[in-house]
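Heads up: the structure comes next, in structure tokens.
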Amino acid sequence: MRRRWQRAAGVLAVAAALLAGARAGEEDDLQRQIETQRSGASDLERLDDIKATTDEIALLRSWLDEAWALRSKHEYDQVREVLDRCLAQAELVRQKIAAAKLRAQAQRREVALRELRAKIARTQKSLEDTVIKKKALEGSAQ
Amino acid sequence: VRAAHSFPIALAVAAGMTWGCATPPRPRELDAYDVLKRSANVQEAAKRSPDLVATSDKLGTKATEEWQSNDLEESRRDALMAQIKLKTALALLEQEQLKKKIDAMNSDQAKAEEEFGLASKELAHETESLTLLQKYLEARQAAEVEKQRLSQQMTSEQQKAQAEQLRLSQQLETEKKIAAAQLALRTAETVDAAKYAKAEYSAASDMLAKAHAELKENDYPGAQASAEVARQSADKAAELSKPQYEQAEQTSQNKARDEALSRDASGISGVSVRIERRGDLQRLVLAVPDLFSKKSTGITAGHDAVLDAVAGLVNKYPSYPVQVIGHTDNKGKSGELVALSAARAQSVFSALVSRGVEARRLLVSGLGGDEPITDNRSTAGRAKNNRVEIVFLYH
């Protein structure tokens, strides 16, 4: 009887040890993910040189902090949910940065085009003035 | 009392039950999602990123259901995720739209640059044309100014040339007049005007000197007037002097010729020569005696030399009119003597003509014994009076 109790206790101890090891591995994995995403957030901040997604990145960081806090509470399922959201947010930030850069590029193009059109207008005005002046000179030349 | 005490408890229980069964307040994440969902570009975003929009829709629906199931935390998380997905889809749509816009703007830019290039090229062309035209006009204006300047210069030169020409013309005219006056003065000098028209000649000389002085001073009108006066004075002097000069010259010439005639006549042997004046005429008389015997009219032999010499003398001086006059002594009737003397003169006339003397130069006459040269009472005297005289007449 005593031996049966001892065997059962040993099985429970092994199971507990295995469970504790699995939990520790998951925690480490989530920590790596969080750190990876934090590093990604820093990369995004550098990428966003025109500061178009400051709020989104701040939100991302706050969610990563939240994930970290949940991890500390061993709320791993919630951590994964938050990390999924952070991944999506990071993708959103990337696309927004890309869009903002394209917008800036479009604005530069617009400005350049506007300036070019202004130059064309000035050139055409100069051309008209020149033609008028030339005709007047031609008139006086005859 | 028991009922009065149980009523508030029942009301609280009922209220608690009502509150527990009612729908909780809608999470603001879900409201925000709904607002986002109503934005204009969602349809376009669904076409561009159907998976994202579908996931978003699914999450949005789930979030609504979770809210309605009072599972607020889950609803909030899914609404957030739905927002993120939809925002990502919208960002991708915006990117695509912006890319298209950029492409369009690039195309516009290229066209605009082409347009600008053409306009610039045209402007450059027109500007060059204008510049050339301006240069041409400036050059033309400069040429016009230069032309005017040259024209003015030329006018000035022409005026100078005209003035010089006028001056030269006046000088030439003056010199001509002075030359004419000099010629007139020289002409006057040829007739000894200084001697025969002293006053006029002096006046002419003075005026000519004055004209020279005025010419030197370029006083052409004055010089011309002086020269003209000098010329007139010289002409007058010449006019006045000419007759006197000619007369003097003639006299001088005649005198010389007469002297030569006299000398030549004196050189003929067998004749006597005398010069006498009758009225205003001089007469050189060559008396040839002893040509005839007694009352004969034929020339006796031996007188050829005398006759040849006389004929030679007559021919040597062809300008003198010559008379051949026969004379006799006074022995006989007057009429007979005249006839005899005339016949004898005729014989001499013939002898001279036969020796080459022109007949028309000779005037033949017989005077008989009316003009003896010596006394007829002696034979010698009568022989002298029987003679033929060759008379040269001159002033």
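If you're wondering where the values come from, they're calculated on a predicted model, not measured in any experiment.
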Please name the pair of heavy atoms, one in [X] and one in [Y], separated by the smallest distance, quoted to 0.1 Å.
X      : Y      : result
A/Q124 : B/A119 : CG-CB, 4.4 Å
A/E110 : B/M105 : CG-SD, 3.2 Å
A/L113 : B/A112 : CD1-CB, 4.0 Å
B/L137 : A/S140 : CD1-OG, 4.1 Å
B/M81  : A/D84  : CE-O, 3.5 Å
A/A88  : B/T88  : O-OG1, 4.2 Å

Interchain contact, A/Q89 with chain B, by part (heavy-atom threshold 4.5 Å) | both
Chain B contact via A/A112 - side chain, backbone, both or neither, heavy atoms under 4.5 Å | both
A/K134: which of B/T127, B/L130, B/L132 passes side chain to side chain contact (heavy atoms under 4.5 Å, CB included) | B/L130
Could you grab the distance from atom [atom1] of [X] to atom [atom2] of [Y], nearest 0.5 Å is fine?
X      : Y      : atom1 : atom2 : answer
A/R103 : B/I102 : CZ    : CD1   : 10.5 Å
A/L92  : B/L90  : CG    : CG    : 9.5 Å
B/E73  : A/Q78  : CD    : CD    : 7.0 Å
A/E91  : B/L92  : CD    : CG    : 7.0 Å
B/E115 : A/I120 : CD    : CD1   : 4.0 Å
A/Q95  : B/L93  : CD    : CG    : 12.0 Å

Contact winner vs chain B - A/Q105, A/E128, A/R94, heavy-atom pairs under 4.5 Å = A/Q105
Side chain, backbone, both or neither: which part of [X] has an atom under 4.5 Å from a heavy atom of chain A?
X      : result
B/Q83  : neither
B/K101 : side chain
B/E74  : side chain

Is the shortest distance from a Lys or Arg side-chain nitrogen in A/R117 or B/D108 to a carboxylate oxygen in the other one below 4.0 Å?
-> yes
